[in-house]
**Student:** 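Dropping a structure here in C-alpha cells format, bear with me for questions.
In each ligand, atom 1 is the first atom listed, and ligand 1 is the first ligand listed.
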Amino acid sequence: MVDNLSDISFQRVIYSAGSYTNERIHHLSQADSDKMLAINLQAFEQVFRWASEQMKRQSQLLDMDKNSRLSIICIASIAGTMEYPYASLYAKSKRAMIATASAYRAALAPYHIQVNCIASGYIDTQALRDLNDGDASHKPFVISTQTAVKHVMQAIDKNIELAVFPRSTRYITRALNHLPKPVLNWILRSRLDKTT
Ligand SMILES: NC(=O)c1ccc[n+]([C@@H]2O[C@H](COP(=O)([O-])OP(=O)(O)OC[C@H]3O[C@@H](n4cnc5c(N)ncnc54)[C@H](OP(=O)(O)O)[C@@H]3O)[C@@H](O)[C@H]2O)c1
C-alpha cells in the first residue's frame, strides 16, 4: 500500500487501524495474537517510518508556511498509559505505540514535522457496540464519536504530544499510576475474569 502511495504528497497522515480482543475474558488465540501484533504494532511502525521519510523529503522541497504544517498522528488508547504485569497484548501494543510516537516526535522536530498520539477512553463506535452485543452505553465514561473527533482535532491544532481523554478517565489513570506498584497490580489483577 505504501509503495502505491509513494507518488502522492501528504500533509497529514493518521494511523487509526486497530485490532482488539477481550483478553480479560478469553485466552488469546494464535490468530488473534498475530493479528493484533501486525495491526497495532508492526504495520503502525511501517506506516510511521514511511510517512516520516515522505514528509522529510517534502519539508525540504517546500517552504512550508505555518498553516501547512506537516503532521503524523496515531490513535493509541488510554489502555496504553498504564504499566502493570497483567496488561493485555492490546494494552502493551498501544503502550509501545505511545512510546514510538514520542520517539518520532523528538526525531522529526528538527524537520518541523509534528507528531501527536491520541490515547482515548471508550468511544461509542460500531466496533465497540459489536463487541458488546450492540450496545456500549454501559462502558465507563464512554463518549460519542463526535466528541472524540472534537478532542482529536483539538490535540492536532494545539500540537499535544499525548492527548488523553475524556477528562474523567485521564484523572483515574493518573491517580492509578501514582499508586505503589504492588497496589496497582493487585487492583488490576482482581479485575481479570480469567486465571493468570
Ligand atoms: N472505540 C473505542 O472505544 C476505542 C478506544 C480507544 C482507542 N480506540 C482505537 O481507535 C481506533 C479505531 O477504533 P474503532 O473503535 O473505530 O474500531 P474499528 O472500527 O474496528 O476500527 C479499526 C479500523 O482499523 C482498520 N483495520 C483493521 N484491520 C486492518 C487491516 N488489516 N488493514 C487495514 N485497516 C485495518 C479497520 O478498517 P475496515 O473498516 O476497513 O475494516 C477500521 O477502520 C483503533 O486503533 C482502536 O484501537 C478505540
**Student:** Among side-chain atoms of S102 and E161, is any donor-acceptor pair under 3.5 angstrom?
**Tutor:**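 Their side chains do contain a donor-acceptor pair, which is all the 3.5 Å distance test asks for.
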**Student:** As a test of reading the model: which residues have a non-hydrogen atom less than 4.0 Å away from ligand 1?
**Tutor:**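 Heavy-atom contacts below 4.0 Å: S16, A17, G18, I39, I75, A76, S77, Y90, K94, S120, G121, Y122, I123, T125, A127, L128.
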**Student:** Is any side-chain N of the basic residue among E45 and R49 closer than 4.0 Å to the acidic one's carboxylate O?
**Tutor:**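 Salt bridge present between E45 and R49.
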**Student:** Please determine, by modelled atom types, if Q126 and D130 share a side-chain donor-acceptor pair under 3.5 angstrom.
**Tutor:**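 Indeed, the side chains of Q126 and D130 share at least one donor-acceptor pair under 3.5 Å.
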**Student:** When the ring centroid of Y84 is compared with that of W186, is the distance short of 6.0 Å?
**Tutor:**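 Not under 6.0 Å, so no.
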**Student:** Is the NZ atom of K35 crowded by more than 12 outside heavy atoms at less than 6.0 Å?
**Tutor:**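 Not buried by this count: 12 neighbours or fewer within 6.0 Å.
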**Student:** So, are R129 and D124 salt-bridged, with charged N and O less than 4.0 Å apart?
**Tutor:**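 The answer is yes: the pair qualifies as a salt bridge.
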